[in-house]
Amino acid sequence: MPIPAPLPCAPETEALLLAQAQRLSGYTLGELASLAGIATPEDLKRDKGWIGILLEIWLGASAGSRPEQDFAALGVELKTIPVDGQGRPLETTFVCVAPLTGNSGVTWETSHVRHKLKRVLWVPVEGERSIPLARRRVGSPLLWSPDEEEDRQLRLDWEELMDMIVLGQVERITARHGEFLQLRPKAANARALTEAIGAQGQPILTLPRGFYLKKNFTRALLERHFLLCR
DNA sequence: GGTTGATCATTA
DNA sequence: TAATGATCAACC
């Protein structure tokens, strides 16, 4: 097997993207970092997005901040997901920031959540903290779109959460709302505030929130893939 | 502050 | 021990 090289730019087709991702499975993060010429941090405490950046480099996604999907021309979003030894997710998955104002007329069909999740390249990575970061291995990738059932599950949670936001109940939302999609803070710290709608319809300042996929959702999605591979 | 990339660490 | 609420870094 030839040693792989990072893609210099976004692949032109889904098939090429998937093929490159498949080439990476089995390699450790230390190997991929070294081959890409970047240093591996001791741990992720101060580099929480490092694995995501590393995989973006290898798959030819434009690194850094971008407004749209990782592979805009393909309409594909890249998500690395930390998993345990059984391939089960260790963390929830951030989807996008939740709009807390200006939501009149927004529907599930036109929502950022649905758009982001329309097509996702999932790349599982060993995530147990007992494994040194450099020795964690990349797993086999999955190019996924929500099926009817998954779309319905997400829509029901999204509608519940958005109703609360629109009705000025954002500060009453906890991570317990939603079976598969939850709303949680997404901020630099507790001092970062953004505008939202208060209980009396007045503007308030509150913590920015993000939509996250709960582990039961991503676990099922990865399991479905695993079953199809046997 | 807001976007991207997420995981940390305290609590229940 | 798992999940919630909090936080870290880079770029703009």
Side-chain angles (χ1 to χ4, degrees), chain A residues 6 10 21 29 32-33 36 38-72 76-86 88-102 112-113 115-117 120-134 136 138-139 141 157 161 164 170-196 203-220:
Chain A
L29 297 179
L32 294 180
I38 66 172
T40 305
E42 273 303 300
D43 54 53
L44 297 175
K45 285 181 188 176
R46 307 191 73 82
D47 296 270
K48 297 183 179 181
W50 183 78
I51 298 177
I53 306 290
L54 177 64
L55 270 292
E56 284 185 350
I57 292 170
W58 274 92
L59 296 174
S62 40
S65 55
R66 282 153 293 93
E68 273 306 308
Q69 287 144 321
D70 297 291
F71 304 96
V76 173
E77 175 75 14
L78 172 67
K79 288 289 179 197
T80 61
I81 184 164
V83 295
D84 67 14
Q86 278 70 242
R88 294 174 304 208
L90 288 166
E91 292 286 350
T92 56
T93 302
F94 173 72
V95 179
C96 61
V97 169
L100 301 183
T101 59
H112 292 300
V113 173
H115 183 244
K116 277 273 185 184
L117 298 179
V120 179
L121 179 66
W122 296 97
V123 182
V125 177
E126 286 181 326
E128 281 160 337
R129 294 190 213 174
S130 58
I131 309 174
L133 185 57
R136 297 183 196 173
V138 175
D157 285 342
L161 294 167
M164 292 184 72
V170 64
E171 297 197 309
R172 294 183 57 181
I173 298 176
T174 74
R176 296 163 195 82
H177 289 86
E179 265 189 83
F180 305 101
L181 187 71
Q182 62 182 181
L183 196 77
R184 308 216 310 275
K186 164 66 173 173
N189 53 58
R191 274 72 66 192
L193 298 175
T194 192
E195 190 174 293
I204 60 169
L205 287 178
T206 193
L207 226 42
R209 314 298 163 102
F211 286 108
Y212 294 79
L213 296 177
K214 297 181 71 171
K215 288 191 277 185
N216 57 352
F217 187 86
T218 47
R219 181 168 60 236

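The shown structure was predicted, so the numbers you read here are calculated from the model rather than taken from an experiment. Residue numbering restarts at 1 for every chain, and letters A, B, ... go by the order of the sequence lines.
- Closest heavy-atom contact between A:Val170 and A:Ala196: CG1-CB, 4.1 Å.
- Between A:His112 and A:Cys96, the shortest heavy-atom distance links the atoms CB-SG, 3.9 Å.
- Residues A:Tyr212 and A:Ala192 each lie close to DNA chain B; by heavy-atom proximity, the contact nearer the 5' end of the strand is made by A:Ala192.
- Between the CD atom of A:Glu91 and the P atom of C:dG5 there is a distance of 15 Å, given to the nearest Å.
- No side-chain heavy atom of A:Leu133 sits less than 4.5 Å from a side-chain heavy atom of A:Asp43.
- The interatomic distance linking A:Lys186 (NZ) with B:dT7 (C1') rounds to 10 Å, in whole Å.
- The side chain of A:Pro208 approaches B:dG2 more closely than any other nucleotide in the set B:dG2, C:dC8, B:dT3.
- Considering CZ of A:Arg219 and CD of A:Gln86, their distance stands at 12.0 Å, rounded to 0.5 Å.
- Across C:dA6, B:dT3, B:dC8, the shortest atom-to-atom separation from the side chain of A:Leu44 is found for B:dC8.
- Residue A:Gly52 is in sugar-phosphate contact alone, with no base atom involved, counting any heavy-atom pair closer than 4.0 Å across all strands shown.
- One can place CD1 of A:Ile81 at 14 Å from P of B:dG5, the figure rounded to the nearest angstrom.
- Residue contacts for A:Arg88: at a heavy-atom cut-off of 4.0 Å it reaches no nucleic acid atom on any strand shown.
- Between A:Asp47 atom CG and C:dA10 atom C1' the separation is 10 Å, expressed in whole Å.
- Nucleic acid contact class of A:Arg46 (heavy atoms, under 4.0 Å, all strands): sugar-phosphate only.
- Along DNA chain C, the nucleotide nearest A:Lys45 and the nucleotide nearest A:Lys214 are compared for position; the residue whose nucleotide lies closer to the 5' end is A:Lys214.
- One interatomic measurement links the two molecules: CD of A:Glu179 to P of C:dT4, which rounds to 13 Å at whole-angstrom precision.
- In this structure, A:Leu193 reaches the sugar-phosphate backbone alone: every heavy-atom distance under 4.0 Å involves primed, P, OP1 or OP2 atoms, never a base.
- Across all strands, A:Thr93 comes closer than 4.0 Å to no nucleic acid atom at all (heavy-atom distances).
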